[in-house]
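Since the structure comes first, as structure tokens, the remarks are kept for the end.
Proteins get letters first, then strands, A, B, ... in listed order; numbering begins at 1 in each.
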Amino acid sequence: MTHLPACLRPIACVPLPVVLLLVLLFLLPGSAPGQDAASELFEADPERTLPWWWFFAPLSAFLALFSAFLFYRSIMKQSEGNERMKEIASYVREGAYAYLRRQYYVVGIFFAVVFVLLLLISLGLHVQHYLVAFAFLTGGFFSGLAGFFGMKTATSSAARTARAAEQSLDSGLRVAFRAGSVMGLTVVGLALLDNTMWFFYLYMVHHHLLGVEPMNLETIAMVMLCFGIGASSQALFARVGGGIFTKAADVGADLVGKVEAGIPEDDPRNPATIADNVGDNVGDVAGMGADLYESYSGAILASSALGVAAAAGMGLGVNEVFSYMVAPALLAAVGIAASVIGIMTVRGREDATMGALLKSLDRGIHVASALVIIGAIGVVWALGLPWSVLFAIIIGLVLGILIGKGTERATAAEYRPTRNIAEQSSTGPATLIIAGIAEGMLSVWIPILAVCGGMLLAFGISGGFTDVLPGLYGIGIAAVGMLSTLGLTLATDAYGPVSDNAGGIAEMADMPKHVRERTDMLDALGNTTAAIGKGFAIGSAALTALALLASYVEAVRVGMHRETAAAYVTPAEDRPYAVHDLGYGKFGIYIPGSDGVADHNKLYTFSAIETRNQHSRRMEVTDGPRSGETVDLVIAEMGNRARMAEISDIDGTMLAEYRATLKDFMYFYDITLTNPRVLVGVFLGVLMVFMFSSLTMMAVGRAASSMVNEVRRQFREKTGIMLGTEKPDYERCVAISTAGAQREMVLPSVLALSVPILTGLLLDVGGVMGLLVGTLTAGFAVAVFMANSGGAWDNAKKYVEAGNLGGKGSDAHKATVVGDTVGDPFKDTSGPSLNILIKLTSIVSIVVAGLVVKYSPTISQFLGMG
Amino acid sequence: MDMRLYLICNRFEALVASQLCPEDFGAYLATGPLRQTTGEGEVLFIEIDQDKVGEPFDLEWARRHCVPHSDGSPKRSKYLSIYRVLEHIPMEAYGTLHMTTRDGRVLGVDHTDKPIPANGGTPANMYMELSPIKPLVVSCLQPAEFIQLLTDFSNPIHVPKLFMADMLVDTEPDGHLAAYLPYPNREHIEDCLRQVTSKGGKATKIVNRNPARGGFFRTIRRGFFLGDQTQVLYYPFPDKDTLDEYHHKWWRSASLGW
């Protein structure tokens, strides 16, 4: 490659399979954008083709995975250092694997149970598509796989980073950052692969394979929206379990090792020090990765669903509907390519300062963001989408940067809030805690106003103030824009624990001073990026949850349709349709001959709801309790095929025009602030945020107590540990943290999964909407507050340790250590876990929407609630 | 296994016979006999030359009792004397000073004949008296002068010998104590400093009769001093670069801040 001109070398680096795939794409039969590529979407002919540009999405997924593989291979080629370094690295690696084994065992049982439940509600109760159960498995599997690869790379890279730092700062930075990149690229690669793989199957293969009617885009979009449940469930365990593990180990290691025994950080005599290092990876690699996998996947799926609803609602043609649907995945694909290039630009000079290293990372993010904008221009132009989509992308990118900067301002010691907290340490821990809570609460204004502003802008610019659905699509696209460079931003997050562990190995292996100085510098950079990453994770979770919330009504629409289709009534021979009263204001309208093949009746069936007169069409009920009556109906049709059925007798041609809007659903379910169901739902959402935070925090307390007792026991019984003549039992500490994490995460997980279902069944759709609003708003605010308070306490301690306000050993230092310990579960357990809660509540609600739609009215009536 | 003599000279005075080397003895003192995590904190002890220690101590008795345990492990400690020990050991018997951190890491420094360096331009000095009395004082006197004053029998306030540390007392241009100094009650220290530096002021002023020792090792300035009317031994404290470069593990533990 050396004989090539410099400008051509990057092209030469493009792997051969990628080139072959590109060539193949251009040879594939298909049509160019704007052509009638998807014209047959609503035809009965199942022979479909995909436009060539669609393949850019799976290609990018492969590109991400292939780049991750190359990075992994280049890391593994590096030396892991001397025997001591290898030994320490192996302890951390074994500990991480032990944790993952246990975690996957528990998750495996959970997934098996939920898989059966999903099959039950789909095949038994007919309120969900049966493929959701299978997609649940793949989503969870890919998310778990990303976590495994991330952990494997991170734990294999720490010693190599320390070894590389022996040569130069740049070498150390490159190994650590590339290790983070493996996680980032694996997450986006697998998430997009899962997404595109399922789309390909549902759109191209499913009907051939099972001999059923081809699914239309709306059905595909809504089925795929539910696929997020797998990634969400995996994220729940990874984030909550990981958060409990990491802080139990950290607090245990600090309280006994540092405070009681006077052992410094990363001292191999501390039995919990390996668990602490494992915890860094478990929390900030696997946990953060699963969290952002969920956001990434959720944002794409929700935007796709909203895109289909918006395009169909605007009466656009099938091509446009297709474009609206696949645009989020294509924008994500652009983001992947941009991220790979951005990663390549991150380099550090030997004489680099902290500021210079941070600038290097910033440069990567800015390059990637700029490339995403350029790529988005291409996507918007090629797909013929409105330019508002581009602006929504830019809004999302700016939001990500704003929230990150807001987090930095709230937590970095260079800024006033953290200095204020640190100064309060001179009057003791109590005032320091008060200041930390107050500053954390105050810091919420930046991300909340940024999200509010971004939401209004994306909504407005996409025409939301005249038509709600395109506006909501704009919000979804903003979430996709924010997450488009996830491959890179997650790399900066996952880089943190690698450099932190590298510093630990440099200490434990007695590496020379210049190596320790370099790893310290890399570690300090990791601390800064980790804080920004936490803000980014919360912001993206909020925006994703917002998109999911908007999609919930679409899920209700589908749920209603499934209920209707399941209650099929054959029309009388002399009637062009049958109208069946399902009760509670819901009706089914059935077209003759639609009870044939599987899925056929769903496509030729309409669900209908009573609504306001100005939208209504009068129809006669032919079956059910109100048989013979004439009722006001509005069609909530799912089957666009019905338009082709020419059922003019029932105003079928007008169905698309008068299909139920979001406002109609709001009216039907009385989703107003005067409805106590909605208000109770809001309160329950807020309650859930606090309950969840409390449970996770108490879990850390209990798990940390176990760790403290274990470390004390080892010091007591293994008398040679302190003298360095006896090896501590590191595995036991890892096992205690693992067992504690698995045990303690059960209750919060059950809460997070069960409350949306129970709320839906008891308080109907209105209650769920209230619950989602309450969880999202309170969860977002509390998550930011906790992350920022915890981060600020941590940095206030570091500020004092740097020699301010008396430095180490002063009363101020002792106060900041108390603050840091309090802040540990804030910023690394409860705060991040709320990211999961707000998304999981939405996705669970979406998946069980059909159940709620079908059974909630009956339960409400039974309880005397109307 | 030879017997060694150590003088524990902070927190309490004791002359101890032991078969442990200084590193193990320090670790033993710091982390306790059962290696429990709640040790006694940082410990200072000085190796004593058995040939020069003199009459007051029954070394024969010590040699008879300081023998390996039945399992062959060395005798960790046999106390010879626990009261007014410092004053009875002749100056020529004092050897290496060992500084032990809370987690049992030990760093030894030898006394030197090199001149005591200047105090870095600070207006006064602060001394942590370690044995036999333990107040924290500020003084305009240099270490040797201070020890002379405190061991002067004509002075009603005196001790036979004094072991003390010279502490950092750097000030900012505005006269306040430097921000990195961990001392509590900073205003009081500043007030005491003003009293000993003002014209016609006192030569010495007690800051605290029972001072806390937060971040003790990292607040040592020039080092430790042990002396009487006849002689002052100076144990220089290594500078931070040397500590970080050559004694990194000790320095990490010593500067932990607990």
In terms of heavy-atom proximity below 4.5 Å to chain B, should Leu805(A) be classed as side chain, backbone, both, or neither?
-> backbone
Proximity breakdown for Glu265(A) and chain B, heavy-atom pairs closer than 4.5 Å = both
If you count heavy atoms of other groups shown closer than 6.0 angstrom to [atom1] of [X], is the number above 12?
X: Asp239(B); atom1: CG; value: yes
X: Ile133(B); atom1: CD1; value: yes
X: Tyr79(B); atom1: OH; value: yes

Which residues, numbered in order, of residues 174-181 of chain B come under 4.5 angstrom of chain A by heavy-atom distance?
-> Ala179(B), Tyr180(B), Leu181(B)
Search all heavy atoms of [X] against all heavy atoms of [Y] and return the closest pair with its distance.
X: Lys513(A); Y: Glu245(B); answer: CD-OE1, 3.4 Å
X: Arg218(B); Y: Gly806(A); answer: NH2-O, 2.5 Å
X: Pro184(B); Y: Asp811(A); answer: CB-OD2, 3.6 Å

Any chance you could measure Glu801(A), atom CD, to Ser255(B), atom OG, to the nearest 0.5 Å?
-> 9.5 Å
Any chance you could measure Met722(A), atom CE, to Asp103(B), atom CG, to the nearest 0.5 Å?
-> 5.0 Å
Report yes if the side chains of Ile263(A) and Arg102(B) come closer than 4.5 Å at any heavy-atom pair, otherwise no.
-> no
Asp267(A) and its salt bridge (Lys or Arg N to Asp or Glu O under 4.0 Å) partner, picked from Arg252(B), Lys249(B), Arg105(B) = Arg105(B)
